[in-house]
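Below is one structure, written out as structure tokens, with a few remarks after it.
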Amino acid sequence: MSSPHIVILAAGKGKRMRSALPKVLHPILFRPMIHYVLDTALALPHASLTMVVGHGEDDVRKHCENYPTVQFVKQEKQLGTADAVRAVAPRLAGKTGSLLLLSGDVMLLRPETLALLLESHAQHKRACTVTTAKVPDPTGYGRILRNATGDFTEIREHGDCTPSERSVDEVNSGIYCFEIADLFPALERIDNRNQQGEFYLTDVVKILLGERKKVGTFLLADPREMEGINDRLALSKVESWLSARINRQWMLEGVSIQHPDTVLIDTTTRIEPDVVIESHCTLIGARVSAGSYLESNCRIQNSEIGRDVRIKQGSYVEDSRVGEHCSVGPYAHLRPGTVLDRDVKIGNFVEVKKAHFAEGAKASHLSYIGDAEIGKHVNLGCGFITCNYDGTHKHQTVIEDHVFVGSDSQAVAPVTIGRGSYVAAGSTITDNVPAGSLALSRGRQVNKPNYKKKPG
Ligand code: UD1
Ligand code: CA
């Protein structure tokens, strides 16, 4: 069996989404849906990979820049699925072998399932194999019609079906395998005399049968794999199913997930065993090492969490690295460029941006630390703030190892607080502090005795 040419249809407008965004770019678990289809296609051996684009072409191409092997073909006007396939004729018509046709809005199909489809197509030496499924609610799908002896005769679109044909529960998934030599001549014979006035690819079935070509079906074991995303209801349904599939896999691999239906983990996240994820967490492009614990309502995005870390409730970690044995939160915000070495503590209501905390450093309460280098075992008291922005530029604060900063202090950057120094509570540090000093910059307390008048 030679590798098939793969074609993905993605030129349609997706009217039913009621959106300015082309349908195939709508995100599912934080990635455009077309990326999933491309990943599936690339997981299969293939002779070529072509995507038919049209509506929102520039946007769609731009979002596929990370897939350099895809070739694009433009469908000038969206006249229907048969017309879309016709657009690849100049590229493929003379070729031999099979064409696997995927749809940009059917993204749960697994490569394993498509491999079975290709096998069935080759084994039965068919001109066309239609992937079908039996679904509880066939509304909107093309129905698989059969004669009295059960032979497949044609696909009829929902809008063109009689009431009794509408009760057929076997439907067309929109995923097919064709022999290239049979497909392109048959496409030329398709007309648009139907309820939608479109050139339906589905009509190819009765044309091929009329030419005494072999046509058959491949029934999916799990009908969810073929769910087509036509509106936002289907979008949310497919996202839930994908999420359940991903979470199930992580649980089987040793990750505990509390209330998995509230936890969203994207396909690019990697998690080691013995991680615990409480409810309502979101992980996007995260790496979480063994033994770490994410309390509820955390979002970890493009970040690495080392071993045995605790991310406490409600924390948001983006484009950051958290070393082993750290504790973050509750309600902490690690913004891009935060790097925490091991044993760092970032406490409640602390915001960190572009800052490096060396081993054992702490900012336990209510702080903002931006553009800073924090040394080993530094203790930043409650309410410490780096004043890093002068209205035009950002400046660096350097706090060397073993510094103790008292509560409610500020460092007006650029400024360096030398190794082992102390900053008295309530100080505003504007000048560099030499190592080993006590810096004190607040008004002295004055007590005025007998200030309050005696009664009477
Ligand atoms: C199609 C099938 C239907 C099947 C369903 C499964 C036809 C006529 N109908 O219906 O039998 O049950 O898929 O999901 O094929 N597209 C283009 N250019 C066009 C029109 C569509 O590229 O001119 C693309 C769309 O972007 C989409 C795919 O083809 O990726 C399917 O089109 P869509 O309009 O969603 O077809 P359905 O009505 O879902
Ligand atoms: Ca569809």
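Side chains included, hydrogens not; waters and symmetry mates left out as well; all remaining heavy atoms used.
- The residue from V205, T202, V85, V7 that alone fulfils the side chain to side chain contact (heavy atoms under 4.5 Å, CB included) condition with Y176 is T202.
- For the 3.5 Å distance criterion, the side chains of E318 and H333 qualify, holding a donor opposite an acceptor.
- The two residues S48 and L92 have their closest heavy-atom pair at OG-CD2, 4.0 Å.
- Between E351 and K353, no side-chain nitrogen of the basic residue sits less than 4.0 Å from a carboxylate oxygen of the acidic one, so the salt-bridge criterion is not met.
- A donor-acceptor pair shorter than 3.5 Å cannot be found between the side chains of H124 and T129.
- Side-chain contact between T131 and M226: absent, with no pair of heavy atoms (C-beta onward) separated by less than 4.5 Å.
- Ring orientation note: the planes of H395 and H393 are nearly perpendicular, at an angle over 60° on the 30°/60° scale.
- Between R307 and S289 the shortest heavy-atom distance is N-CB, 3.5 Å.
- Between T132 and F152, the closest side-chain pair of non-hydrogen atoms is not below 4.5 Å.
- Salt bridge status for D371 with K394: absent, with no side-chain N to carboxylate O gap under 4.0 Å.
- Using a 4.0 Å cut-off between charged side-chain N and carboxylate O, E295 and K312 make no salt bridge.
- Between T386 and N388, the side chains place no donor N or O within less than 3.5 Å of an acceptor N or O (distance only, hydrogens not considered).
- A salt bridge does not link R143 to E165: none of the charged nitrogens lies less than 4.0 Å from a carboxylate oxygen.
- Looking at heavy atoms from C-beta onward, I34 lies in side-chain contact with C64 at the 4.5 angstrom threshold.
- Taking 4.0 Å as the cut-off between side-chain N and carboxylate O, E179 and K213 do not count as a salt-bridged pair.
- For the pair I229 and M33, the minimum side-chain heavy-atom distance is below 4.5 Å.
- Of all the heavy atoms in G142 and E157, the pair that sits closest is CA-OE2, 3.7 Å.
- A salt bridge links R86 to D83: one of the charged nitrogens lies within less than 4.0 Å of a carboxylate oxygen.
- Contact of the Y141 side chain with the E227 side chain is registered, since non-hydrogen atoms from C-beta on lie closer than 4.5 Å.
- Smallest separation of non-hydrogen atoms from G381 and S367: O-OG, 3.8 Å.
- Among all heavy-atom pairs drawn from E272 and A290, the shortest one is OE1-N, 2.9 Å.
- Put simply, the side chain of L145 reaches to within 4.5 Å of the side chain of E154, judged on heavy atoms.
- One finds a salt bridge joining D39 and R31 here, because a Lys/Arg side-chain nitrogen approaches an Asp/Glu carboxylate oxygen to under 4.0 Å.
- Taking the side chain as every heavy atom from C-beta outward, E112 and L116 never approach each other to under 4.5 Å.
- Residues G174 and S103 approach most closely at O-CB, 4.2 Å, considering heavy atoms.
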